[in-house]
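Residue numbering restarts at 1 for every chain, and letters A, B, ... go by the order of the sequence lines.
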Number of protein chains: 2
Amino acid sequence: MGTQRSGPVTLRTIADQLGLHVSTVSRVLHAKPDESLRAASASTVERVRRLADELGYQPNPHATSLRTRRSNLVGVLVPRLSDMVLATIYEGIEEAAAEHGLSTFVANTGDRPETQRTRTNMVIGRRVDGMIFGDAYVDGRFLDEVAGRGIPFVLVSRTAGAHPSVTCDDYLGGRLVAEHLLELGHRDVAVVAGEPYASTGIDRTAGLVDRYREAGLSVPADRIAQSRFDVSGGHAATARLLDTPNPPTAIFAVNDFAAIGAIGALRHQGLRAGDDVAVVGFNDTPLAAELPVPLTTVRSPMLDMGREGLRTLLRLLEGEAAESKRLRPELIVRASSVPSP
Amino acid sequence: MGTQRSGPVTLRTIADQLGLHVSTVSRVLHAKPDESLRAASASTVERVRRLADELGYQPNPHATSLRTRRSNLVGVLVPRLSDMVLATIYEGIEEAAAEHGLSTFVANTGDRPETQRTRTNMVIGRRVDGMIFGDAYVDGRFLDEVAGRGIPFVLVSRTAGAHPSVTCDDYLGGRLVAEHLLELGHRDVAVVAGEPYASTGIDRTAGLVDRYREAGLSVPADRIAQSRFDVSGGHAATARLLDTPNPPTAIFAVNDFAAIGAIGALRHQGLRAGDDVAVVGFNDTPLAAELPVPLTTVRSPMLDMGREGLRTLLRLLEGEAAESKRLRPELIVRASSVPSP
DNA sequence: CTGAAAGCGCTTACAG
DNA sequence: CTGAAAGCGCTTACAG
């Protein structure tokens, strides 16, 4: 059995017990199945593998990273994980990362530029191989800087400038909503539009407005209200939109949570979603279908966005060119946009 | 300016440019403000600090970890980050970790024992200093193993055996719900109880059942339905509870999302939450207040749980004893449990 | 087929 | 006050 060493098992533990040199052990453990022949004799390979298994050897990633200058670490920045949309995208990232032997750091930035900066520095300080940003500002200035520092990254959920991104086709999503509302005869629609720095809200709004214009109808500026992306943000924005002598007959909130807030604001005014005012959300989070008034919304492929985002980063890390992708949205019609019979 | 080195700035870069030895530079950069005197002469300290700043020196954490056997890394396991409750707890963990110069790995385990195993191994393989589990099974068997491997950890959200934990006082929360429903005159209550392996659901249920028993009322087994913790889990469990000739007059779902599912299931039967059946949730997530029928629920201090969980781990890492904590819940009464006037 | 050496970037006693 | 050495655990040409 050899000497019983305390502390974690290292290459040296194995080498000593087998009377080999650490470099031999390293070579064996490192070789892909097919090239093990070149690493050592068949019997040595066998003995090393068996003992490594028995002792539960796990390479020290700090030593490996120090030596190879590759950390197999990916940094992920999101506005906030308590936003189910981003959390789900992150789940996709994590799944795909695990499949490829990568680990991920996530940090919440609250969409605050100052925090984006400090978190990015912190993550880069940890020597990640690449980053994924879910909190891009549409102007992309900060990201230009990051690119200038030579660190590879991919955006998910939001686009910015020409940086590679994996997003939902938000513009198309907005158009789908417009078509649905036009069919229902709504000529006067208002938009809970999200934050002005996020491409998601911008593009979803633009899609709706453009499609309305094509139908000969304009959506005036005072029908479009900025908002936070959460429930209370949607509530506040809707309250403002309703504070007018001639309220709209339909509301498009660019996010399911904002839509829930919109429904809350309507209720405050004694108005019911569906019967009195059509409400449409975005994302088709698992809540949408279960609300007391089930929510019409646009399904966006959140998990896939994450998975595909990581794969794109992987390609970048291997020196290939990264192409941006827009994934297809799908309109899901429920009771919140159609009056009960 | 000295030689222009390519690649990242290391201690050597600074040492060479200043004609010092790396060990001197290390000592200076390492010293706390007050002990810098002992590290080097005042002028050397000044020169080193200035240049490090200028060059934007960031120590290579892999080298530091390799040398010091401390990674300043914490591994966090949660059932799923797309559960807003866990995501919020994690935000608390991350905040507190950042304040203490620690970074965190999070992984989703989906509450699957197999995944808990592989993720734990993966995280330990990354040489974290400690772990935080938000996905503890109440039997604690797996955690006993982890403890046996000598890795320090703290539980959040759920308890298990005698392992140190930071949780909401779930039992008390259940009692608060019982008192509220008893006051309203409900003698026949049903529980959407969550997963049988999670202390949260178990304790919340027990609190309610015990308080009812003290009032001379029993909650029979067929009024208690296991459920997943998400919306569709709550829906399914409620559908089962309603499938009886004499349905209950009140439903306690041990989680806001399950409660939303419960409301959905009621609606399917033509029943309205509040007017027809009282519904109470747990956690007071931001949605609760904004639902078309605002949800009565028990507020649990999610952020604090995370922050306090990390602090407890920190104490453990410093060799102190860790005490479990139960944070105080608070009942929030809204329309879902009181008929409209 | 296997060994020996060098080195990734850092820290920490130990000298002087 | 500063330097020199050793070593954390690994990988990778280079010998033989």
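Every residue was checked against the side-chain hydrogen bond (donor to acceptor under 3.5 Å, both in side chains) condition with B:T120, not counting sequence neighbours, and none meets it. For A:N72, the side-chain hydrogen bond (donor to acceptor under 3.5 Å, both in side chains) criterion is met by A:R70, not counting sequence neighbours. For A:R126, the side-chain hydrogen bond (donor to acceptor under 3.5 Å, both in side chains) partners at least two apart in sequence or on another chain are B:S103. Checked against ring-ring contact (aromatic ring centres under 6.0 Å, His included), B:Y137 has the following partners two or more places apart in sequence or in another chain: B:Y197. Scanning for side-chain contact (heavy atoms from CB on, under 4.5 Å) contacts around A:S26 gives A:L11, with sequence neighbours left out. Remark: A:F142 pairs with no residue by the ring-ring contact (aromatic ring centres under 6.0 Å, His included) rule, at least two apart or across chains. Residues forming a ring-ring contact (aromatic ring centres under 6.0 Å, His included) with B:F105 (at least two apart in sequence, or on another chain): A:F105.
Taking a 4.0 Å limit (strictly below) on heavy-atom distances, residues 98-105 of chain B does not reach DNA chain D anywhere.
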query: Dot-bracket for DNA chain D, 5' to 3', with Watson-Crick and G-U pairs under 3.5 Å, [ ] for crossing pairs and | for other-strand pairs: what is it?
result: |||.||||||||.|||
Donor-acceptor pairs under 3.5 Å, side chain of residues 147-156 of chain B to any protein atom, not counting sequence neighbours: which ones?
from	atom 1	to	atom 2	distance (Å)
B:R149	NH1	B:N121	OD1	2.8
B:R149	NH2	B:N121	OD1	3.4

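Here A:T44 lies in heavy-atom contact (under 4.0 Å) with sugar-phosphate atoms only.
A salt bridge is defined here as a Lys NZ or Arg NE, NH1 or NH2 lying under 4.0 Å from an Asp or Glu carboxylate O, and B:R311 with B:E308 meets this definition.
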- prompt: What is the per-nucleotide protein-contact pattern of nucleotides 5-14 of chain D, from the 5' end, where B denotes a base atom under 4.0 Å from a protein heavy atom, S denotes such proximity for sugar-phosphate atoms only, and - denotes neither?
  reply: BBBBBBBB--
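Under the side-chain hydrogen bond (donor to acceptor under 3.5 Å, both in side chains) criterion, the residue pairs touching residues 83-94 of chain B are A:S82-B:E91, A:N108-B:E94, A:R119-B:E94, B:Y90-B:T104, with sequence neighbours excluded.
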